[in-house]
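Input: a single structure, listed below in structure tokens.
Here is how names work: the chains are called A, B, and so on, in the same order as the sequence lines, proteins then strands, and each is numbered from 1. This one's a predicted model, so the numbers in the text were calculated from it and none came from an experiment.
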Amino acid sequence: MSKKRNRLEVIKDILEVIRNRSGRIKPTHILYKSNLSYQMMEEYLTELIQKGFIQEKKTEKSKTYLITEKGINYLQQYRMISEFTTSFGLE
Amino acid sequence: MVQLYLVPRWFFGFDIAMELIFAVVAMVLASFAYKIYKASEEEEVRLFSVSFALISVSYIVWAAANYFIMRTLTGDIFELNLTNLLSTSYILSLLHMSLFILGLITLTYATLGLKNGRIYYLFAGLGLIGLVSSSIPWITYQILSIVLIASIIYHQTVDHSCYKNKKSMCISLAFILLFLSRLDFLFAAKTTFAYILGHILELSAYLIILNSLMQSIKGWKK
């Protein structure tokens with residue numbers, strides 16, 4: 001049985017989904033790929049925007065999310081972040 | 001008479017060197033945590049960094065207090081109390097204790113993942129007022145440290161049972177050694193041995209933390 005994802009893993013999964021879609025994605029795709037409820041996804045997206053990991057682009061017809069340089073850096077440093085927070089019980 | 005601790009003359013100098021080592025390790029950890037914070041933007045990691053920076057400064061202040069005492073007193077065993085301490089040394093000792101407790105409160109707040117700033121200020125206020133107003137600040141300081149470190153160990157043990165991570169086990173062991181050193185320091189006003197053993201236990205804890213950190217950095221660079 002796979003263990004429950006922690007918050008940092010969920011953030012990594014969302015950012016990976018966006019990066020794998022050429023850095024731009026619609027919220028429905030995030031919902032589908034990240035395996036979250038709509039409400040949880042909205043909370044995570046708000047947090048990621050506040051942290052500067054993603055940007056929201058709104059047009060009249062649709063809404064898309066773009067991964068930023070900071071978001072890409074998070075993915076590159078993810079193993080280090082995860083190991084550090086786990087080692088020191090910061091999760 | 002407010003007694004702090006007994007120190008054998010031959011150990012003066014060694015204790016200051018050890019306190020400076022603790023300060024360096026704590027600052028390395030704080031700097032590394034800050035780097036992790038910049039990449040993750042996690043508030044707990046920022047607080048963790050702040051807590052170890054405070055702890056690092058507290059050790060520098062402690063070393064400074066002991067240095068002042070070393071230059072002032074004579075004899076084979078020093079009995080540190082309010083009547084024979086220079087006021088500068090006593091104030092430095094109190095500053096060291098306050099910074100260390102503030103660091104531990106910040107660390108506990110970060111480790112427990114609390115999100116309410118008012119709880120933090122309440123804990124910090126209670127801890128510092130309790131320490132400063134105590135008639136036996138050294139004992140109050142050790143008891144507060146013991147309670148705070150015990151809560152961190154408990155949280156880490158619960159976490160470790162979830163993750164079964166070797167590094168988190170090493171960090172828990174380091175905190176257990178810190179806990180034992182604080183327990184031992186309670187008797188430092190009675191025997192010089194307690195002061196020496198406390199320093200050795202604390203040194204072991206910081207060397208374990210440093211080793212874990214170095215191993216991790218090596219692993220990430222591969």
Side-chain angles (χ1 to χ4, degrees), chain A residues 1-20 23 30 34-36 39-56 65-91, chain B residues 29-49 51-52 106-114 151-175 208-209 211-213 215-222:
Chain A
M1 195 176 77
S2 63
K3 72 177 174 68
K4 195 174 163 237
R5 288 182 297 172
N6 66 33
R7 225 173 51 76
L8 294 176
E9 276 177 289
V10 174
I11 290 174
K12 182 202 74 166
D13 289 347
I14 293 173
L15 291 174
E16 270 181 348
V17 166
I18 303 174
R19 187 184 60 182
N20 294 343
I30 298 175
S34 64
N35 202 18
L36 291 167
Q39 195 190 340
M40 289 293 285
M41 182 196 72
E42 283 289 312
E43 282 175 22
Y44 274 106
L45 290 178
T46 307
E47 184 184 335
L48 293 180
I49 292 167
Q50 281 170 356
K51 287 182 170 179
F53 290 165
I54 59 171
Q55 277 180 352
E56 192 182 61
Y65 293 95
L66 287 87
I67 189 163
T68 63
E69 202 61 38
K70 210 170 173 183
I72 290 167
N73 185 51
Y74 177 91
L75 287 175
Q76 286 166 346
Q77 311 273 334
Y78 173 72
R79 200 161 71 93
M80 186 167 74
I81 296 165
S82 170
E83 215 171 288
F84 184 86
T85 52
T86 305
S87 299
F88 287 94
L90 293 172
E91 294 185 325
Chain B
L29 190 55
S31 311
F32 194 76
Y34 188 72
K35 190 184 168 198
I36 299 282
Y37 164 69
K38 291 304 281 178
S40 68
E41 294 284 331
E42 289 291 311
E43 182 62 8
E44 284 86 1
V45 181
R46 187 181 71 84
L47 289 171
F48 182 91
S49 172
S51 71
F52 271 93
T106 311
L107 184 60
T108 309
Y109 182 82
T111 308
L112 296 182
L114 301 171
S151 74
I152 294 167
I153 293 169
Y154 173 76
H155 178 79
Q156 283 181 337
T157 310
V158 170
D159 238 34
H160 177 65
S161 66
C162 294
Y163 293 107
K164 294 182 172 60
N165 177 321
K166 194 182 166 190
K167 279 198 191 83
S168 67
M169 204 166 74
C170 284
I171 300 299
S172 293
L173 175 66
F175 275 94
I208 289 173
I209 290 174
N211 183 52
S212 292
L213 199 61
Q215 294 288 330
S216 298
I217 292 169
K218 265 188 204 167
W220 297 323
K221 280 185 177 171
K222 272 180 191 171

Applying side chain to side chain contact (heavy atoms under 4.5 Å, CB included) between Phe88(A) and each of Val45(B), Ile152(B), Leu29(B), Ile36(B), report the one that passes. Leu29(B)
Does any heavy atom of chain B fall under 4.5 Å from the side chain of Tyr78(A), the backbone, both, or neither of them? neither
Ala33(B) versus chain A, heavy atoms under 4.5 Å apart: side chain, backbone, both or neither? both
Between Glu42(B) and Ile11(A), does the side chain to side chain contact (heavy atoms under 4.5 Å, CB included) criterion hold? Intermediate values first, please. CA-CA 11 Å; Glu42(B) 289 291 311; Ile11(A) 290 174; 4.2 Å; yes
Could you tell me how the ring of Phe32(B) sits relative to the ring of Phe84(A): parallel (under 30°), tilted (30 to 60°) or perpendicular (over 60°)? tilted
Can you say whether Gln50(A) sits under 4.5 Å from chain B via the side chain, the backbone, both, or neither, judging by heavy atoms? neither
Taking every heavy atom of Gly89(A) against every heavy atom of His155(B), the minimum-distance pair comes out as O-NE2, 3.2 Å
Highest number of heavy-atom pairs under 4.5 Å with chain B: which of Met80(A), Arg7(A), Lys70(A), Gln76(A)? Met80(A)
Between OG1 of Thr86(A) and CD of Gln156(B), what distance do you get to the nearest 0.5 Å? 11.5 Å
Has Lys12(A) got more than 12 heavy atoms of other residues, nucleotides or ligands less than 6.0 Å from its NZ? yes
To the nearest 0.5 angstrom, please state how far the NZ atom of Lys35(B) sits from the CD1 atom of Ile81(A). 10.0 Å
To the nearest 0.5 Å, what is the distance between CD on Glu83(A) and CD on Gln215(B)? 10.5 Å
